[in-house]
Amino acid sequence: DAGVIQSPRHEVTEMGQEVTLRCKPISGHNSLFWYRQTMMRGLELLIYFNNNVPIDDSGMPEDRFSAKMPNASFSTLKIQPSEPRDSAVYFCASSYSSGANVLTFGAGSRLTVL
Amino acid sequence: GNSVTQMEGPVTLSEEAFLTINCTYTATGYPSLFWYVQYPGEGLQLLLKATKADDKGSNKGFEATYRKETTSFHLEKGSVQVSDSAVYFCALNGGLGSARQLTFGSGTQLTVLP
């Protein structure tokens with residue numbers, strides 16, 4: 001398996017633009033997580049899905065953020081409009097929700113909002 | 001709710017030195033405990049895990065023992081290498097009434113000098 005695949009790896013955009021980050025989880029995994037990592041706040045869980053259904057989105061910072069999982073092999077995280085404080089590395093992770101629930105992370109998408 | 005407290009970094013060691021990174025947790029019930037490692041420019045990777053009290057997780061020369069009496073899961077390695085330079089995250093999931101997402105510590109930056 002190729003692991004969790006995220007795109008783009010790097011994105012530079014201007015304030016006010018829409019940003020869409022994409023994630024392909026590991027085949028067979030039924031839980032998917034979006035995290036954000038910054039120096040100031042560390043690793044924050046934004047939202048997670050189980051069997052394509054959003055279970056907990058309490059970490060989504062505000063209405064400008066939205067996430068979807070239309071099928072078991074694809075998820076998006078959208079920011080509209082983007083702001084400089086959204087600059088961070090965004091990680092997608094997936095797991096099979098059984099037992100110890102070990103997460104496999106993607107390589108991350110580094111977002112810079114100017 | 002669940003929480004994880006990690007030793008603050010950064011930690012700088014010489015090659016072949018002994019490493020300890022402290023981790024304590026707060027959780028109800030019986031959580032599973034993890035150490036993840038993040039190498040520069042990459043996503044987090046599972047380093048080791050333990051699912052019940054007194055279990056010892058080990059991998060790549062690293063070890064950690066699940067101590068319920070002290071609510072700790074300290075990471076140790078007897079002889080570090082330059083290639084161990086990374087950020088190390090302690091995490092837990094599960095426990096009574098919790099959801100399936102991981103709770104992470106703030107991370108500890110380790111630098112090993114030749």
*Does atom CD of B:Glu8 have more than 12 heavy-atom neighbours, drawn from other residues, nucleotides or ligands, at distances under 6.0 Å?*
no
*Interface residue of largest heavy-atom contact number with chain B, from A:Ser95, A:Gly42, A:Ala107, A:Gly108, under 4.5 Å*: A:Ala107
_Residue pairs passing the disulfide (SG to SG under 2.5 Å) test where at least one lies in residues 14-72 of chain A, sequence neighbours excluded_ = A:Cys23-A:Cys92
_Spacing of OH belonging to A:Tyr35 relative to CZ belonging to B:Phe104, to within rounding of 0.5 Å_ = 4.5 Å
*Would you say the side chain of A:Val102 lies within less than 4.5 Å of the side chain of B:Tyr36, judging by non-hydrogen atoms?*
yes
*Does any heavy atom of chain A fall under 4.5 Å from the side chain of B:Gln45, the backbone, both, or neither of them?*
neither
*To the nearest 0.5 angstrom, please state how far the CG atom of B:Leu46 sits from the CG atom of A:Leu103.*
9.5 Å
_Test of understanding: clusters of I, L, V, M, F, W, Y form through side-chain heavy atoms closer than 4.5 Å, transitively. Do B:Ile21 and B:Val37 belong to the same one?_
yes
*Tell me, yes or no, whether the heavy-atom count around B:Lys52 atom NZ, taken from other residues, nucleotides or ligands under 6.0 Å, exceeds 12.*
no
*Check whether more than 12 heavy atoms from other residues, nucleotides or ligands sit under 6.0 Å from atom CZ of A:Arg64, and answer yes or no.*
yes
*Given that the side chain runs from C-beta out, which part of A:Gln37 has a heavy atom under 4.5 Å from chain B: side chain, backbone, both or neither?*
side chain
_Are more than 12 heavy atoms, taken from residues, nucleotides or ligands other than A:Asn71, located less than 6.0 Å from that residue's CG atom?_
yes
*Out of curiosity, A:Leu43 CG to B:Thr103 OG1, how far, rounded to the nearest 0.5 Å?*
11.0 Å
*Can you measure from CZ (A:Phe91) to CD (B:Glu42) and round to the nearest 0.5 angstrom?*
9.5 Å
*Do other residues, nucleotides or ligands put more than 12 heavy atoms under 6.0 Å from B:Glu69 CD?*
yes
*Side chain, backbone, both or neither: which part of A:Arg9 has an atom under 4.5 Å from a heavy atom of chain B?*
side chain
